[in-house]
Student: 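To start, I am sharing the structure in question, which I have written as structure tokens.
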Amino acid sequence: MAINLDAALGIHPQTLDFRVERSKMLAGNLANAETPGYKARDLDFKTVMTQINAGMGHDRSYQAAYRVPYQTSGDQNTVELGKEQARYSRNAMDYQTSLTFLNMKISGLKSAIEGQ
Amino acid sequence: MSFGEIYDIAGAGMHAQTIRLNTVASNLANAGAAAETPETAFRALKPVFSTIYKQTQEGQLSGAHVEVSAIVEADAPLDMRYEPNHPYADEQGYVAYSNVNTVDEMADMMAASRSFETNVEVMNRARSMQQGLLQLGSN
């Protein structure tokens with residue numbers, strides 16, 4: 001019986017990749033928190049998941065969307081620092097979750113190989 | 001996956017905030033400086049931030065970097081004080097002082113250092129994410 005590594009690891013490598021790309025985007029938002037006219041962008045997890053669930057696979061073509069701010073600011077900057085920090089923090093935790101799942105999958109495979 | 005660009009973005013943010021902090025420092029240092037003529041008076045320096053999108057490989061989204069595109073002089077009116085005995089006083093007895101608003105500068109300084117810290121946090125978090133990835137499968 002051959003092990004298909006992609007199938008064995010499940011969806012977690014894709015989500016891990018998505019989390020890194022999203023934190024790049026959120027880091028950009030945080031760096032530009034005080035740039036006049038900067039429009040905050042974000043990636044949508046739902047879109048990626050729908051794509052994967054529909055069997056279209058994971059082609060890494062993430063679409064960035066512009067954020068709709070809760071309040072408008074005078075300099076047309078749409079970064080809301082507190083919310084952005086919360087998103088960044090949560091995204092990092094979601095990354096850790098995917099990482100933990102991957103680790104569990106790998107240790108599962110390991111014990112299967114070692115037969116213990 | 002591109003952790004590298006996160007470091008670049010946070011680094012660019014830290015650099016921009018450092019420049020801002022530098023302008024604040026020079027503004028505060030020159031806050032009470034008198035000038036011989038209004039033309040030579042010190043005017044507060046203000047950095048102008050702008051976003052740059054770096055070109056990345058195909059299929060990859062570009063992160064938003066920040067840079068200081070210019071440093072401009074504040075166009076607030078100079079502080080003209082009536083000091084007839086001052087050596088720099090003009091015919092009417094007024095001396096031109098710099099247009100630095102100390103309270104403004106202090107607020108700016110706090111905002112800049114907080115923003116700097118935000119970028120440091122972003123970098124720290126990215127580092128711990130990458131460390132976790134490197135240790136994948138080791139336990």
Side-chain angles (χ1 to χ4, degrees), chain A residues 9 12-14 16-43 58-65 75 77 79 81-82 84-85 88-110, chain B residues 1-17 20 46-54 56-69 108 111-112 114-139:
Chain A
L9 295 180
H12 306 300
Q14 282 98 312
L16 210 60
D17 182 66
F18 170 80
R19 293 295 166 198
V20 174
E21 287 300 313
R22 185 165 182 231
S23 62
K24 184 168 88 181
M25 199 121 287
L26 295 177
N29 289 348
L30 286 169
N32 283 283
E34 290 172 66
T35 311
Y38 176 77
K39 305 282 180 241
R41 299 184 302 167
D42 201 356
L43 301 179
H58 180 67
D59 58 357
R60 304 191 77 235
S61 60
Y62 302 112
Q63 294 295 313
D75 62 359
N77 184 314
V79 180
L81 195 60
E84 218 62 54
Q85 276 172 324
Y88 185 79
S89 184
R90 187 177 166 177
N91 185 62
M93 281 321 292
D94 290 343
Y95 172 91
Q96 290 298 340
T97 310
S98 291
L99 205 58
T100 307
F101 273 118
L102 262 181
N103 260 325
M104 281 154 65
K105 291 267 188 190
I106 288 170
S107 56
L109 286 174
K110 221 163 158 181
Chain B
M1 285 193 221
S2 60
F3 279 104
E5 215 189 334
I6 301 180
Y7 298 125
D8 284 352
I9 292 168
M14 283 154 75
H15 179 65
Q17 297 302 334
R20 187 176 173 198
K46 299 284 173 195
V48 179
F49 285 4
S50 62
T51 310
I52 40 172
Y53 295 100
K54 289 266 171 72
T56 51
Q57 293 162 12
E58 207 181 333
Q60 289 213 314
L61 290 163
S62 163
H65 298 241
V66 64
E67 64 162 8
V68 176
S69 54
D108 229 29
R114 289 283 179 274
S115 196
F116 186 92
E117 281 168 24
T118 304
N119 283 300
V120 173
E121 281 305 313
V122 165
M123 200 179 267
N124 277 340
R125 191 64 78 100
R127 204 175 56 205
S128 67
M129 282 165 79
Q130 197 171 15
Q131 248 158 20
L133 191 64
L134 288 171
Q135 284 157 10
L136 194 63
S138 64
N139 52 354

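So you know, we letter chains A, B, ... as the sequences are listed, proteins then strands, and number each from 1.
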Student: If I compare all heavy atoms of I9(B) with all of A31(A), which pair ends up nearest, and what's the gap?
Tutor: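 Taking every non-hydrogen atom into account, CG2-CB, 3.8 Å.
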Student: Could you state the interatomic distance from OG1 (T51(B)) to CG (N77(A)), rounded to the nearest 0.5 Å?
Tutor: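 With rounding to 0.5 Å, OG1 (T51(B)) is 8.0 Å from CG (N77(A)).
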Student: Using non-hydrogen atoms and a 4.5 Å limit, figure out which bit of A64(A) sits close to chain B: side chain, backbone, both or neither.
Tutor: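 When you check distances to chain B, atoms from both the backbone and side chain of A64(A) fall under 4.5 Å.
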Student: Under 4.5 Å between any side-chain heavy atoms of F49(B) and N32(A), yes or no?
Tutor: no
Student: Taking side chain as everything from C-beta outward and backbone as N, CA, C, O, which of these in A16(B) sits under 4.5 Å from a heavy atom of chain A? Side chain, backbone, both or neither.
Tutor: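 Neither part, no heavy atoms under 4.5 Å.
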Student: Counting only heavy atoms not in H12(A) (residues, nucleotides, ligands), do more than 12 fall under 6.0 Å from its NE2?
Tutor: yes
Student: Using a 4.5 Å cut-off on heavy atoms from C-beta on, say whether the side chain of L16(A) contacts that of L133(B).
Tutor: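 They are in contact (side-chain heavy atoms under 4.5 Å apart), so the answer is yes.
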Student: When rounded to the nearest 0.5 angstrom, what is the spacing between CE in M93(A) and CZ in R125(B)?
Tutor: 7.0 Å
Student: Pick whichever of F18(A), Y88(A), Y38(A) has the most heavy-atom pairs under 4.5 Å with chain B.
Tutor: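 Of the options given, most contacts go to Y88(A).
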Student: Under a 4.5 Å heavy-atom cut-off, does chain B meet the side chain of L109(A), its backbone, both or neither?
Tutor: neither
Student: For the side chain of N103(A) and the backbone of L136(B), is there at least one donor-acceptor N/O pair under 3.5 Å apart?
Tutor: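 No, N103(A) side chain to L136(B) backbone: no donor-acceptor pair under 3.5 Å.
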Student: What's the separation between atom CD1 in I52(B) and atom OG1 in T35(A), rounded to the nearest 0.5 Å?
Tutor: 10.0 Å
Student: Please tell me if the side chains of E121(B) and Q85(A) come closer than 4.5 Å, counting only heavy atoms from C-beta onward.
Tutor: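 Side-chain contact under 4.5 Å: no.
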Student: Looking at P36(A), A27(A), G28(A), which has the largest count of heavy-atom pairs under 4.5 Å with chain B?
Tutor: G28(A)
Student: Just give me the residue among A64(B), A126(B), A12(B), G13(B) that pairs up with chain A most often, heavy atom to heavy atom, under 4.5 Å.
Tutor: A64(B)
Student: If you round to the nearest 0.5 Å, how far is CZ of R19(A) from CE of M129(B)?
Tutor: 9.0 Å
Student: So, the side chain of K110(A) versus the backbone of G137(B): is there a donor-acceptor pair under 3.5 Å, distance only?
Tutor: yes
Student: What option among M25(A), E34(A), K105(A) has the most heavy-atom pairs under 4.5 Å with chain B?
Tutor: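 That would be E34(A).
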